[in-house]
Amino acid sequence: MKRAIAYLRFSSLHQLQGDSVRRQKKLIDEWLKQHTDYYLDPVTFEDLGLSAYRGQHAVRGAFSEFMEAVQRNLVDSGSVLLIESLDRLSREKIGDATDRLRAILKAGIDVVTLSDSMHYTRDSLDDPFAIIRAILIAQRANEESEIKSKRMRAAWAEKRKQAMESGRVMTAKCPYWLKVKDSRDGFEILEERADVIRLIFRLRLEGLSYGRISRELNERGTENLRGRASQWHSASVERLTKKKSVIGILESSRHITVSGVTEIHGYYPPIIEKHEFERAQLINYEPESRTDGNFNPYLINIFRSLMCCKHCGHSVILSGISAKGYGHYVCTMRRENRCHSAYIRRDLTDRFLISGLIKGASGMVTRQSEAADLSVMTSRRDELAARLQNVIRAIEHAQDVTELSARAKALSAEVRQLEKEMILISGEQNNKAALPADWKSISDRKEWQRLARKTVRVIKMDSLAKTCDICLLNGMKILNYPLTRFTAWSAVMDAMAYLEENEIIL
């Protein structure tokens with residue numbers, strides 16, 4: 001007896017609930033009853049939910065396994081492949097579709113299409129009518145798929161447009177901590193589940209690893225995304241911390257093939273603050289929140305979240321950190337081959353930025369702020385002192401001094417309080433002159449980090465030129481600041497004073 005091999009396929013898993021599989025199997029059974037000289041091979045090739053329009057079934061599906069078996073001569077010549085119709089074999093362009101049919105027929109394997117009772121053999125390759133028929137069927141199948149694809153793209157484009165313009169919900173599918181409102185104009189937050197996500201982010205920002213977080217959730221008996229208690233894994237925790245849906249953003253699906261599709265901000269109600277989400281992403285590269293005894297102080301990036309790439313605008317992070325503090329600054333897009341900026345030495349960059357920029361600029365900003373406070377206090381003290389003198393003169397000539405004496409006492413107390421506060425500020429100025437100096441101290445490095453964030457708005461790194469553009473919080477801009485040599489802050493101030501502008505070019 002000769003062998004018959006069945007191949008079943010449909011494009012969408014939704015069809016699994018329909019009649020497609022039953023119909024194809026019924027056609028196979030009826031054909032076998034009519035052709036008793038064939039037996040059905042126990043191995044049936046099934047691609048349930050794989051599209052033939054893009055050729056997915058021929059790349060990663062069961063059909064690819066069948067074709068590999070054909071190429072390796074594992075399917076006997078004279079066998080027959082049973083399919084419902086040629087469009088089950090392929091819905092690709094005519095050339096690709098007919099090439100697959102030719103490859104099977106050349107191997108001596110017949111193809112039977114059960115819906116129209118056509119039997120293709122190796123001799124069919126020389127039959128122009130059979131080939132034309134196959135070509136026309138392939139063309140029709142491809143055109144149908146193309147039309148369906150265009151309609152689906154148009155439908156989803158309209159849904160995305162409505163979602164962006166009016167907040168209309170595109171689909172009932174949503175993150176497990178949300179529920180679509182009955183009116184379909186938004187989402188409700190399931191607070192109990194959202195609290196789990198908030199807990200995960202809080203633990204992550206405290207420095208716990210994904211494994212530690214999953215153990216913590218399992219010990220608490222917390223339900224995972226599928227509602228199973230104590231079944232958390234580090235991989236699922238990591239995926240959750242990277243989902244932009246927690247800050248309200250709908251990301252485009254990784255399966256989408258339409259160009260120009262962008263994220264929709266504000267589609268979901270956010271359950272995590274944006275700055276917390278961004279900090280959690282940076283921890284993947286710079287885990288400075290660890291609290292165990294082996295923590296490397298050089299993991300503390302003094303300029304964390306302040307540096308960006310001048311070429312592409314994305315964040316600059318640390319790479320290759322060692323116990324000696326060596327490492328490099330690098331653009332995050334370089335790892336994805338989306339930016340061609342170079343690595344730049346971290347130790348030299350930190351040294352020149354801190355010694356030349358942070359020491360001078362932070363002192364200037366602090367002194368400016370405190371000088372302004374002292375100026376206001378001095379004016380207030382002088383005003384109160386003058387009023388006190390007027391009250392004292394009035395007392396000398398008044399008959400009833402009770403009320404005037406109370407006013408004088410209150411004014412005197414206010415003057416003394418102001419003078420105490422002025423003394424405290426002056427003392428703080430003297431104390432702040434001693435900036436942190438221990439580069440290996442965790443507390444000193446965090447103090448440098450605090451001073452940097454209190455002084456700098458952004459540092460735009462040009463790693464190729466080994467310079468940077470610096471924008472300070474007080475509005476000053478310093479362009480082409482060198483990262484290969486020390487630049488005294490006094491030289492920056494002299495240039496600023498000479499130019500009488502808030503922007504200088506070094």
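We number each residue from 1, following the sequence as shown.
- Summarising the geometry of W232 relative to T222, their closest heavy-atom pair is NE1-O, 3.1 Å, with the distance given to 0.1 Å.
- Under the 4.5 Å side-chain criterion, counting only non-hydrogen atoms from C-beta, L483 is not in contact with L348.
- Between L81 and I104, some side-chain heavy-atom pair lies under the 4.5 Å cut-off.
- In this structure, K25 NZ and L114 CG are separated by 14.0 Å, a value rounded to the nearest 0.5 Å.
- For the pair Q34/L32, no side-chain contact is recorded, criterion being any heavy-atom separation below 4.5 Å from C-beta on.
- The shortest distance between side-chain heavy atoms of S245 and L250 does not fall below 4.5 Å.
- When side chains are defined from C-beta on, R450 does not count as touching K446, because their heavy atoms never get closer than 4.5 Å.
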Pair V80-I109, side-chain contact (heavy atoms from CB on, under 4.5 Å): steps then yes or no: CA-CA 6 Å; V80 63; I109 302 167; 5.9 Å; no

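- To the nearest 0.5 Å, atom CD1 of residue I459 and atom CE of residue M307 are 5.0 Å apart.
- Ring geometry for F277 against F201 counts as tilted: the plane angle lies between 30° and 60°, on a 0 to 90° scale.
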query: Given R346 and D350, is the salt bridge (Lys or Arg N to Asp or Glu O under 4.0 Å) satisfied, shown in steps?
result: CA-CA 6 Å; R346 182 262 190 108; D350 281 3; 3.0 Å; yes

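- For an aromatic pair to be called close, the ring centres must be under 6.0 Å apart, and Y7 with F45 fails this.
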query: I200 and L217: side-chain contact (heavy atoms from CB on, under 4.5 Å), yes or no, with the steps?
result: CA-CA 8 Å; I200 289 173; L217 294 174; 3.9 Å; yes

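- The closest donor-acceptor contact from the side chain of S230 to the backbone of N218 lies under 3.5 Å.
- Put simply, CD1 on I249 and OH on Y268 are 11.5 Å apart, with the number rounded to the nearest 0.5 Å.
- Minimum heavy-atom separation, T241 to Q281: O-NE2, 2.7 Å.
- Rounding to the nearest 0.5 angstrom, the gap separating the CD1 atom in I83 from the CD1 atom in I28 is 10.0 Å.
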Counting only pairs under 3.5 Å, give me each side-chain donor-acceptor contact of residues 308-318, with atom names and distances, residues two or more places apart or in other chains.
from : atom 1 : to   : atom 2 : distance (Å)
K310 : NZ     : D469 : OD2    : 3.0
H311 : NE2    : D462 : OD1    : 3.1

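- Between the CG atom of L199 and the CD1 atom of I213 there is a distance of 8.0 Å, given to the nearest 0.5 Å.
- Across L306 and V456, no two heavy atoms sit closer than the pair CD2-O, 3.8 Å.
- Note on residues 186-197: pairs passing salt bridge (Lys or Arg N to Asp or Glu O under 4.0 Å), not counting sequence neighbours, are E191-R198, D195-R198.
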Trace of the side-chain contact (heavy atoms from CB on, under 4.5 Å) decision for I271 with I247: CA-CA 6 Å; I271 61 171; I247 57 175; over 6 Å; no

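- The aromatic rings of H35 and Y38 sit perpendicular, their planes meeting at an angle over 60°, well past the 30° parallel limit.
- Remark: the backbone N or O of H328 is not paired with any side-chain donor or acceptor of R345 at under 3.5 angstrom.
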message: Checking V112 against M118 for the side-chain contact (heavy atoms from CB on, under 4.5 Å) test, could you report, in this order, the C-alpha distance in whole Å, the side-chain angles of both residues, the deciding distance, and whether it holds?
response: CA-CA 6 Å; V112 171; M118 287 296 298; over 6 Å; no

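- Side-chain atoms of Q449 come within 3.5 Å of backbone atoms of N301 as a donor-acceptor pair (strictly under, hydrogens ignored).
- Minimum heavy-atom separation, L240 to V246: O-CG1, 4.3 Å.
- Heavy atoms of other residues, nucleotides or ligands lying less than 6.0 angstrom from CG of D37 number more than 12.
- Salt-bridge formation is not detected for the pair E216/R212: no Lys NZ or Arg NE/NH1/NH2 atom is positioned less than 4.0 Å from an Asp or Glu carboxylate oxygen.
- Closest non-hydrogen pair, S463 versus I344, comes out as CB-CB, 4.2 Å.
- At most 12 non-hydrogen atoms from other residues, nucleotides or ligands lie less than 6.0 angstrom from CD of E273.
- Y176 and N224 are not linked by any side-chain donor-acceptor pair at a separation below 3.5 angstrom, with hydrogens and angles left out of the test.
- For the pair T487/F352, no side-chain contact is recorded, criterion being any heavy-atom separation below 4.5 Å from C-beta on.
- At a threshold of 4.5 Å between non-hydrogen side-chain atoms, the residues T44 and I5 do not count as touching.
- For L82 against A4, the heavy-atom pair with the smallest separation is CD1-CB, 3.9 Å.
- H119 NE2: more than 12 foreign heavy atoms inside a 6.0 Å radius.
- Remark: aromatic rings of Y267 and F187 are close, center separation under 6.0 Å.
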task: Begin with the C-alpha distance, continue with both residues' side-chain angles, and end with the deciding distance and a verdict on salt bridge (Lys or Arg N to Asp or Glu O under 4.0 Å) for E238 and K242.
output: CA-CA 7 Å; E238 181 179 2; K242 294 179 179 180; 2.9 Å; yes

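- Between T332 and R334 the shortest side-chain heavy-atom distance does not fall below 4.5 Å.
- Atom CD1 of I272 sits about 9.5 Å away from atom CZ of R202, to the nearest 0.5 Å.
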